2 protein chains.
Amino acid sequence: MAGERTDEHPPQPGLTRDALTQAALCVLEREGINGLSMRKVATELGVKAASLYWHVRNKEELLDLLTDALMADAEPPLRQGDWREQLREYCLRHRRLLLSRRDAAKVVAGRFALGPHLLSLMEDQLDRLRDAGFADADAALCTYLLGAYVQGFVLQEQVPISASEAMGTSRAEVATAVSAQLRSLPEETFPNLVALADDLTTPNMDERFAFGLERLIDGLAALLDQGRAGRAVPGVTVPEVPL
Amino acid sequence: MAGERTDEHPPQPGLTRDALTQAALCVLEREGINGLSMRKVATELGVKAASLYWHVRNKEELLDLLTDALMADAEPPLRQGDWREQLREYCLRHRRLLLSRRDAAKVVAGRFALGPHLLSLMEDQLDRLRDAGFADADAALCTYLLGAYVQGFVLQEQVPISASEAMGTSRAEVATAVSAQLRSLPEETFPNLVALADDLTTPNMDERFAFGLERLIDGLAALLDQGRAGRAVPGVTVPEVPL
DNA sequence: ACCTGAACACCGTTCAAGT
DNA sequence: ACCTGAACACCGTTCAAGT
């Protein structure tokens, strides 16, 4: 959407906040979040570190810009199917987006940046939730809830990758190792961990994510039903309970 | 539980991994996660930074120890009430624990450390879930799900605290500021954000957390019911569907 | 208005050397 | 076996100075 950048060291164009953001994106992809420093972003732009501080208050602000840039590719799902399908697709896409870029979840995690891209997504999602029949307050709580779930999940999911996969161990190998470790626990004190060692260590993250997502959506459906039961329904008269 | 430590600079006792952990805990509480450096932990112990590397491979390993130490005070809830009540209490306590120590969620976030304290908690929770009637795989998925939710939620909850509260702005002030910002958006393109500005920015985190928790538990209850429907129930014979 | 040089006060980690 | 001095290769940030 905003400012393409393919050249490594643009000779003249003059720094822009957008250029800084794109450069940060490059460095992040190449070196991960631990390698993302102001100095590296600067050299990526063919410039000295101190120059960045003319365009950006500090690193934190650059990370805020980066966060919104990471959301730039997000596209809301088609407006088809019932609200459950649409919400599910929303979350699946959000997760896929976070997984598609290195350490994206870690960058986004716990940042409080209401960038333009995020705002558009929220606007769209809120619209669908209200259409589906959710009360205003519930719709607001719902978007927050789903955001927290996806972000929290991917964060936990993405980290073992850098922590132990950096040491050459693949995810599947880690899983079997942990499984063995759990099975070798003293059975008298940890009977459940021993018995469920395999269930606890399946490396199938898609399934784990889907499981939580379905529970969440079921729970929201229950809320919607109980909300409808309180309203006037054709043919049935339900007494309104005060407050 | 393990190794009390009250002296600031113990003269002789010789470093132990446990002493390092407790010192790290102190530094974390005092300076937050950004101020938590090997050098500061060392001086907390009256020792030079290089010394730490005899007891611990690197900072990452110290953070793993710290993570488990943060879980040390966790106590499983009483075994009373139905599974819903117990699970709810579990999550409330988990959140309270994370909130009770500075930047705890950030330390724990995305760390893959199965320390002894966490193992005990998981063992206990799995036991209750199986008692409640959850299938093995579902019980395993459930503990993971709840853990991800609580951790993800608190992470998002705790960060605005350090980011903007550090600048003297309280949470309530931030909320009203963001609310005003949302209300001032162009109404044609962001009608929902404008309309729900207040709902989206209530600073009542307890309520937000409880909302998600109830949806989650409702969703799990639905799963449990549908599981039971598939089993032989006294008086009713349900045909078993293969696979 | 925008960029740089040079400095400040920090980092994590290593390793020969001490005891 | 355990701790230190000294160094290495980095950080984020500031600020006078250049253009």
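As the structure is a computational prediction, the values presented were derived from the model and not from experiment. In the text below, chain A, chain B and the rest are named by the order of the sequence lines, each starting its count at 1.
- The 5' end of DNA chain C is approached more closely, in terms of each residue's nearest nucleotide, by A/Leu52 than by the other of A/Leu52 and B/Arg57.
- Of the nucleotides present, C/dA1 is the one that pairs with D/dT19 by Watson-Crick or G-U wobble criteria, both distances under 3.5 Å.
- When the C1' atom of D/dG12 is taken as reference, atom CG of A/Leu63 falls 12 Å away, rounded to whole Å.
- Rounded to a whole Å, the CD1 atom of A/Ile33 is 14 Å from the P atom of D/dC11.
- Between A/His55 and the phosphate of C/dC3, there is a side-chain N or O to OP1/OP2 separation shorter than 4.0 Å.
- A straight line from CE of B/Met38 to C1' of D/dC10 spans 16 Å, rounded to a whole angstrom.
- Taking atom CG on B/Asn58 and atom P on C/dC11, their separation rounds to 17 Å, with Å as the unit.
- Per the geometry, CG belonging to B/Leu20 stands 13 Å off C1' belonging to D/dC2, to the nearest Å.
- Within the 4.0 angstrom heavy-atom criterion, base atoms lie near B/Ser51.
- B/Met38 and B/Leu52 make their closest contact through O-CD1, 3.3 Å (heavy atoms, listed as atom of the first residue, atom of the second, distance).
- Using modelled atom types and a 3.5 Å distance limit, the side chains of A/Ser179 and A/Arg183 yield a donor-acceptor pair.
- The cationic group of A/Arg95 lies under 6.0 Å from the six-membered ring centre of A/Phe209 and within 45° of the ring axis, placing it in a cation-pi geometry.
- You'll find that the side chain of A/Lys48 is closest to C/dT4, out of C/dC3, D/dT13, C/dT4.
- When the nucleotides C/dG12, C/dT4, D/dC11 are ranked by their closest atom to the side chain of A/Ser37, D/dC11 comes out on top.
- Nucleotides D/dA9 and C/dA9 are separated by 22 Å at their P atoms, to the nearest Å.
- Rounded to a whole Å, the CZ atom of B/Arg39 is 15 Å from the P atom of D/dC11.
- For the residue pair B/Thr201 and B/Arg208, the shortest heavy atom distance occurs at C-NH1, 4.1 Å.
- Applying the Watson-Crick and G-U wobble criteria (two distances, each under 3.5 Å), C/dA6 pairs with D/dT14.
- In this entry the distance linking NZ of B/Lys59 with P of D/dC11 reads 15 Å, nearest Å.
- Mapped onto DNA chain C by nearest heavy atom, A/Ala50 and A/Trp54 fall at different nucleotides, with A/Trp54 at the one closer to the 5' end.
- Taking 4.0 angstrom as the limit, B/Lys40 places none of its side-chain polar atoms (N or O) nearer than this to OP1 or OP2 of C/dC10.
- Across all non-hydrogen atoms, the minimal contact from A/Leu121 to A/Tyr90 is O-OH, 3.5 Å.
- A/Tyr53 places its OH atom 4 Å from the C1' atom of D/dG12, with the value rounded to the nearest Å.
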